[in-house]
Amino acid sequence: MTDKHLAEEEMQLYAMGQDKADAFIVTHLATCEDCRNQVAIYKAVLADINNQPEAVFDFDVASLVMTGIEPVKAKNIAGVFASIFPAALIICLVTIPLYIFRKNFFTIVTGISAVFIYMSLIACITIIFFKTMRMYNKYQQQIKKLNFSE
Amino acid sequence: MQHFCNINNDGLSNAKVNLQNENNDTDQHLVGKVLRGDTLAFTRIIKNTERLVAQIVFKMIKNEEDRKDIAQDIYLKAYKNISGFRFHSKLSTWIARIAYNTCLTYLEKKKLWLPGDFESLGHQAIDTTEGMIPAKERSVIILGAIEKLPAVLKTLITLYHNEDMSYAEIQQITSLPEGTIKSYLFRARKALKEDLLLHYKKEEL
């Protein structure tokens, strides 16, 4: 008999049939009655574990659960529609004109007359000028109100 | 062992066969149907998974009335969160995870499970003796010893030995590291062996 007994882990693995090929364990078990008994007990334990009766609910789980479930179909459709509709509308508003005017799309810039560009520039510069003047006047008024000199 | 009255071997083996034969729908198909508002598809999911859920709930919860509430709670949670299921695991594993976590929350709330319970396991020094107890009686002793194990160990034993789940699948359900699962299983088996040895010793006396 070998002096050192098998470790619990080795006995468990052997009992589960995962370590049958290990020559040391086989040799040891052939000579050690104590370890052989322990392995036999492990095998009995594992057999009983494997033969455990399986659990079954003694009530109808599906019926029980379904009473607590509210149909969410309408809510879901409304929710999906609410999120998809604005996006779809924006896509339509952009893509439909692009499709309709697809032939003129590349001539938008080149087709504009020089007079129209000139008039647009003048209008923009005038607006910017008046906006700047208004901002400047407002700034001057606020500075006067502060009246640092007095 | 009052709760063993609910256990039925024939019913379960039939359930297993039915599960394999009837469940032709894939998880994806069923989840898709549920998301489109088909509640009958969810009933199918319940039928497909209730055996595994029962295995977990019975091992973790002793009170019968609580089991009923917990079973309902598990599936309501599954229904509520099914849109978040990303198919990273089997649907049954995902529902088993919900079952495990729901039971764990219940036990923690009721203070019925403490990690310290593990410390008392597997430390008795017992002499080994030859088999003296008949197989039937031995089976009763082992089943009784399994019931005495902490809820988590009982569940791990059942998932690994009865459900033939891999460590990876058990990890997905319990969120325990693989090393911890192996260690708990080792300790549980050792505790069961020592419990049986204790009975052998008593018989001998």
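Chain A is the first sequence line, chain B the second, and so forth, proteins listed ahead of strands; every chain is numbered from 1. No hydrogens, no waters, no symmetry mates; every other heavy atom, side chains included, goes into these values. Just so we're clear, the structure is a prediction, and the values are computed from it rather than from any experiment.
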Salt bridge flag under 4.0 Å for residues B:Lys136 and A:Asp48: no

Regarding B:Glu169 and B:Lys90, does a basic nitrogen lie under 4.0 Å from an acidic carboxylate oxygen? yes

Indicate yes or no: does A:Glu8 engage B:Arg189 in a salt bridge with an N to O separation below 4.0 Å. no

Test: B:Lys182 and B:Glu178 ion pair at under 4.0 Å: yes

Salt-bridge criterion met for B:Lys148 and B:Asp195 (N-O under 4.0 Å): yes

If you count heavy-atom pairs under 4.5 Å with chain A, which of B:Ile45, B:Leu192, B:Leu185, B:Ile46 comes out on top? B:Ile46

Per-residue tally against chain A (heavy atom, under 4.5 Å) across B:Lys193, B:His161, B:Glu50 peaks at B:Lys193

Quick one: what part of A:Ser63 sits under 4.5 Å from any heavy atom of chain B, side chain, backbone, both or neither? neither

Residue B:Ile142 versus chain A: region with a heavy atom under 4.5 Å: side chain

Answer with side chain, backbone, both or neither: which region of B:Val57 has an atom nearer than 4.5 Å to a non-hydrogen atom of chain A? side chain

